[in-house]
Amino acid sequence: MIAALSALMLVAAACGGDDGEDTGGGDGGEGGETTDCTWKIGTVGALSGDLATIGQPIFAGIEYGVTKANEEFDLACELVLEKQDSQGAEDQAPPLAQELAQDTEVAAIVGPYFSGETLAAGDIFEEAGIPFLTPSATNPDLSNNGWTNFFRLVGTDAQQAEEAGTYITEVEGAKSTVVLHDNSEYGKPLAEGVAEATGADELIAINPEQTDHSAEISAAQDAGADAMFFGGYQPEFSEILKQGTDAGLDVLYMSGDGSKAPELADDPSATGAIVLCPCDDPSVSTNPEANKFAKEFEADNKEPPGTYATEGYDGVFLVATALEEAGLDADASIEDVRTAIRDYASSTAYEGLSKTYEFDDKGELGTVSIFAYEVDPKSALGFKQLGLVSELAGGK
Amino acid sequence: MTWVIFGLWAAALAVLVLHTLPSWERRGGKRGAAVTTVLLLGLIGVVILEVVDPKKASAWWARVRDFFQRFSRGFDNVGGTRFVISGLLLASIALFLDPGKDEVLVRTGFYALAALGLNVVVGLAGLLDLGYVAFFMIGAYTVGMLTESNATVHPAILAPWIILPIAIGVAMLMGLLLGTPTLRLRGDYLAIVTLGFHEITRQSAKNINAVNGSRGLVGIPHPDITLAGLSLRLAGLILLLAGLGIIATAWINSMRAWRKQASARDAHGMGDPSPVPGGAGSAPAPQEGSSGGLGGIVSGFKGQFQRSLLAGVANAIALFLVTAIGLATAVFAITQLLLRGDALVIEFGVLDPQKYWFVIAGFMVVALYLINQLKDSRIGRAWEAIREDEVAAATMGIPVVKYKLYAFAIGASTSGLAGWVLATKVGFVNPNTFPLLNSILVLCAVVIGGIGSSVGALVGAAVVFGLPELLRDIGREEIGIGALQFNVLTGRIAIFGLILVVMMIFRPGGLISSARRRAELGGMHDMDDEGVTDPRTVEARDG
Amino acid sequence: MATTAGSLNTRSLVGYGATALGIFVAVWFIGSSLDCNTNLFGPLFVTGLILGMIYALIALGYTMVYGVLKLINFAHDGIFMIGAASLFYLFGSWLGWDHPFTGIGLILVLIVGFIASGLASGSAAVLLERLAYRPLRRRGAARLSFLIAAVGASFFITYLFQQKFLLGTQEHNFPAIMETQRTLTFLGAQVNNRRVLAVLVAIGMFLFLDFFVRSTKTGRSIRAVAQDLDAARLMGVNVDRVVATTFFVGGFFGGVAGFLYGLVFSKVAWNLGFIPGIKAFTAAVLGGIGNIRGALLGGVALGLIENVSTMCVGTEWKDPIAFSILVLVLVFRPTGIMGEGLSAK
């Protein structure tokens, strides 16, 4: 009897079994010369679901990076993008990571995008020995897991929280701050950091699955603060903005990089809110290369590069550069390929579009620039860059 | 045991279809030829057994059907060992898969294991539990809390295998704690209480810092096994005894069945000369004859020559298979464990999910065996009585709440066990690993497979948790015309929801159902052609 | 409403008033004795009241269906969401009414919204009954079958709307038909016009339903069916029609609740109904499922408890508290505060 089930499981698993080889060519990098071998660049993140607003721009950057890398580099094998959609959920990331880990053509991962899923999937990549470069997971604790394959292409929330404190107290001159968070692996530590930096004594947790945050807003109102920071993602920040302004909570609304999605600007209540991000807007960057990238990207994708698209692009190019420098040929074993990438990343300072990537032994960048953005529906992608937080604070 | 055969065939069918469908030209040749043969045979077998009605079929077709049934019956005669065979069959699935894709199987396995337990709660005892995955979570968290990687919050540091009984125990305890006050409630209230319980558990885990809040538990060790010295010998000895035991039970059972048949033939004398063997299948009822004797064999020989020959051949094949398995186990035990000097280390790494599947298959078989035993025990009958009419059962002196608690505890502990496997496999758990949706999906698995049927629960889990991955992997995520694109992956829940409704209306018993259960869920009108003697229910008893 | 005979008499009003006062005092007392921020009591009380009214409106759908069929209609959360979604399409996509209205225009838009959302959800509920539950009823299926079908229907509706061709996975803004104005300050809470509207509509609908069930012919037949389905059939009541009417009324209320919910929180999403659905169900059970007054009382009680309690414990404990209350109520008083039954108390 039992075996009947086996049948169906087999069904599922078996068919799963095939795509490794079948769909390889279809996903990405069509450009470039004809090579009969492939090196896959895996990516795991929220490509659908309510957090896709944050995941999709990153993916677009990575996808564009793979296409460009195939054109610009002369590699022995073609780079192919292998995407896995985790919807940003911790329960979905491990099996997807596992699939990538067991794929013997995967050279490196550019992802996962969120802190929670990175924590969930990190052990798997680490055990499989695949370098994984996250373009956007900012939880500071991630680098304390002893992962040798982990590289973070952005600054951590610890830095972001500190700069948020600077921004709130020095730039805006707010006297007291109330801090909310979404009780997630990303939002909570960020909020705790901000509370510490601003001296806010209380953290208010919201439930992201709920629509109604009235009780939390009441508590925030009672705190009598003139600034409010929210640690969490855009959909919840939008709700808080709407309900907060509805309830007459007139404060400076602020959030972190998780809220920097164009959809935030859809509702008028968000206009004027401040979002911090350890990411530069390539179109206004001081780096001419980045400006060029922004123009080309927009020409090709009919949309300017979104949040962390540049970091995703840089991640792919870092991998491609590592492969080129190592001069690996088509016969190189996948272990060699992965080692080459790991060694390159940990030993060389790579000059990327958004910054120079020089990792310490935990895979961290050290100090990075944090930028302030203002929600502005008229700007492209809904945000206007105000500038570096440190400079804004210095100017005051 | 008919279903073992079914399963084998269906499995072969699945392998072929799925391996060739996405890339017909490239893969067809590899395993195609061998599999196609099995597939065709299987297809024929399934069609015959399921579709051909012996009453209406021509004598020839009925005879073919009889052959297939006899063959599968052969497995029954080898007794409890069929669970061993089932286990090996289950375990062997992983061997056919490409590396990297067995992961889907393992993942389906967690929930299939959980579904087995939920089937006891929903199917056998008739209690609707919508928060079942809460126990799954409790099991997984128990593992996380008791391993050294989470030393800041742990009460003790233990090895995963030692935690196994603890995880099961804790989940069971929670089941009892929740069940004691709430099982007095009516069914629909229980549903909502369990739903609430899931959310309470999950949200609390998010908020309590002692379990790391929303961060969850990281770096849970894999359940590696190291056998050295005495324990190696002990394991070898146990395995050796198991192997010999398998052979012994198979032969004893077979002999007993043989003798029974002989005596039946004796009792019924000439047998029936009808060319169509048996009404609903091979009619085991007359075999319950009284006296035995050599004369019976002789007299039955003429009329039933063909049938006994078929049965004999089927029995012999089954017996041969089981003996071979037993011998292989024994030889393995002697050569690998008893005679081996150094230690035996089995490591469960990330890159070989197969081993986890073997563990899961093992647990499944144990669960199947125990549940099967329970089903026909006094407890099982009490469950049935409660399910059908609680008031009547209570009137008859059945301690209703006590038996409901049993079901609840068994369900919870199975779920906890599945949680143990998930935690040690993935190495990471946090509250978001166990969304409420999973509770509903496990319920879907139980219902779709067939309420009350253990095998059904497994099939259901394969459909609910495995099939969507399949669709994801063939890249046919969206079906539809124009703007009406239906995303199968995200929309699978919509489809399962629809299936649940449709199933309750048209086939309340599920894909694989017992006639008894179907009659009950569907009301009396549905008891039409199924008759009273479902061969499977008879089977279950003489196992 | 619950009682068969004339019900809104002075005695019961005094009784309710006393109960409410008692709860108020008790909560305030417990709040001040614990380490609680009593400043928050006023705003949270108001918030709880408003949310509680919306819960009560949704709870009506559960309660009416339960009263008549003894079935927990799990799919009601989907029906609720359809109410909000229908207006998202009607106002947002088809009519282009995505800007604030004032004066008569606003009243007309609100009336259109009220009727459209109610009709959409009401007909969805009737359709659901016709397609899913009636076949089961015809067959005299087991209770478990009903429950499973209801769970299935709920997930079907919800996840169907999650598809790209309907709402998709992202959240949408509810058509901004109303300018937000903070109309009054009550107990230290600023209440805006949308919330006032929601409460007024909810109260109006409850009064109407009370009248409808008590005094109209259809209402009487609903009560008759609730009391004894077979007897009602024998007495010549068209049971199928009555059941369909019940579903329609319950669905209508759910749809209007969806409209109000979308308006108050200016949000439409595929999973809009999920948490309010569970909460409303809790409210229905709290008050005594099958009892219309119980739904109102339960809704308000739940809204108050979960909101006011946050002044003593962190807001993250809001949901666990709400569900714990559900479990406790069911364990200690399974028939709810006011007892079960549409037909009689």
Side-chain angles (χ1 to χ4, degrees), chain A residues 1-23 26-27 48-49 85 87 89-91 93-104 116 119-128 139 141 145-146 182-189 205 207 209, chain B residues 1 3-4 6-8 10-11 13-15 18-19 21-23 27 86 89-90 93 96-105 107-108 112 206 213-215 218-219 349-351 353 364-365 368 426-428 430 432-435 455 458-459 461-463 466-467 469-470 473-475 490 512:
Chain A
M1 28 166 80
I2 298 84
L5 99 118
S6 358
L8 277 151
M9 290 192 177
L10 190 53
V11 167
C15 85
D18 288 317
D19 78 324
E21 287 116 292
D22 303 330
T23 54
D27 284 336
S48 70
D85 177 12
Q87 304 192 333
E90 288 99 322
D91 67 318
L96 302 173
Q98 175 84 38
E99 276 195 44
L100 291 172
Q102 282 180 266
D103 189 331
T104 50
L119 186 66
D123 274 344
I124 294 170
F125 292 135
E126 176 65 21
E127 226 178 298
N139 181 309
D141 263 348
N145 289 308
D182 66 351
N183 218 346
S184 77
E185 178 57 5
Y186 158 71
K188 200 177 176 192
N207 179 355
E209 291 148 38
Chain B
M1 206 70 289
W3 288 99
V4 170
F6 279 179
L8 205 62
L13 173 123
V15 169
L18 292 159
H19 267 261
L21 198 118
S23 56
R27 285 202 173 266
S86 313
L89 275 176
L90 273 176
I93 302 172
F96 291 104
L97 299 175
D98 289 343
K101 300 309 171 185
D102 30 18
E103 167 67 13
V104 178
L105 185 71
R107 194 151 175 80
T108 309
K206 254 188 176 180
S214 52
R215 180 180 166 80
V218 203
V350 158
L351 294 179
M364 274 179 186
V365 172
L368 279 170
V426 179
F428 168 84
N430 85 355
N432 290 347
T433 317
F434 310 95
V455 182
L458 298 183
V459 175
V463 171
L467 214 59
E469 298 292 327
L470 164 161
D473 281 341
I474 343 180
T490 54
I512 296 168

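In the text below, chain A, chain B and the rest are named by the order of the sequence lines, each starting its count at 1. Every heavy atom of this structure was used, including side-chain atoms; hydrogens, water molecules and symmetry mates were not. Everything quoted here is computed from the prediction, not taken from an experiment.
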Using non-hydrogen atoms only, which part of A:Ala120 is less than 4.5 Å away from chain B: side chain, backbone, both, or neither?
->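 Its backbone and side chain both get close to chain B.
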Note, A:Asp91 side chain near B:Phe434 side chain (heavy atom, < 4.5 Å) |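 The answer is no, as the side chains (C-beta and beyond) never meet within the 4.5 Å cut-off.
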Measure across B:Ser214 and A:Ser184 and return the closest heavy-atom pair with its distance rounded to 0.1 Å.
->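 Of all heavy-atom pairs spanning B:Ser214 and A:Ser184, the closest is OG-C, 3.7 Å.
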Kindly write out the residues that satisfy side chain to side chain donor-acceptor pair (under 3.5 Å) with B:Thr433, not counting sequence neighbours, or none if the list is empty.
->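 B:Thr433 satisfies side chain to side chain donor-acceptor pair (under 3.5 Å) with B:Asn430 once adjacent residues are dropped.
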Would you give the length of the straight line joining atom CZ of B:Arg215 to atom CD of A:Glu90, rounded to the nearest 0.5 angstrom?
->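 The distance works out to 11.5 Å.
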Heavy-atom pair count under 4.5 Å with chain B, highest-scoring of A:Asn207, A:Asp123, A:Asn183 |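 Of the options given, most contacts go to A:Asn183.
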Identify which of A:Asn145, A:Asn139, A:Leu100, A:Ile124 forms the greatest number of heavy-atom pairs closer than 4.5 Å to chain B.
->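 Among A:Asn145, A:Asn139, A:Leu100, A:Ile124, the one with the most close pairs to chain B is A:Ile124.
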What distance separates A:Glu99 CD from B:Glu103 CD, expressed to the nearest 0.5 Å?
->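 Atom-to-atom, A:Glu99:CD and B:Glu103:CD are 7.0 Å apart.
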Got B:Val104 and A:Pro95 here, is their nearest side-chain heavy-atom distance under 4.5 Å?
->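 Side chain of B:Val104 against side chain of A:Pro95, heavy atoms only: no contact under 4.5 Å found.
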For A:Tyr186, check ring-ring contact (aromatic ring centres under 6.0 Å, His included) against everything at least two apart and list the hits.
->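 With sequence neighbours excluded, A:Tyr186 shows a ring-ring contact (aromatic ring centres under 6.0 Å, His included) to A:Tyr233, given in chain and number order.
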Min side-chain heavy-atom separation A:Gln98-B:Val426 under 4.5 Å |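 Side-chain contact under 4.5 Å: no.
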Portion of B:Arg107 that has a non-hydrogen atom of chain A nearer than 4.5 angstrom |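 For B:Arg107, side-chain heavy atoms alone lie under 4.5 Å from chain A.
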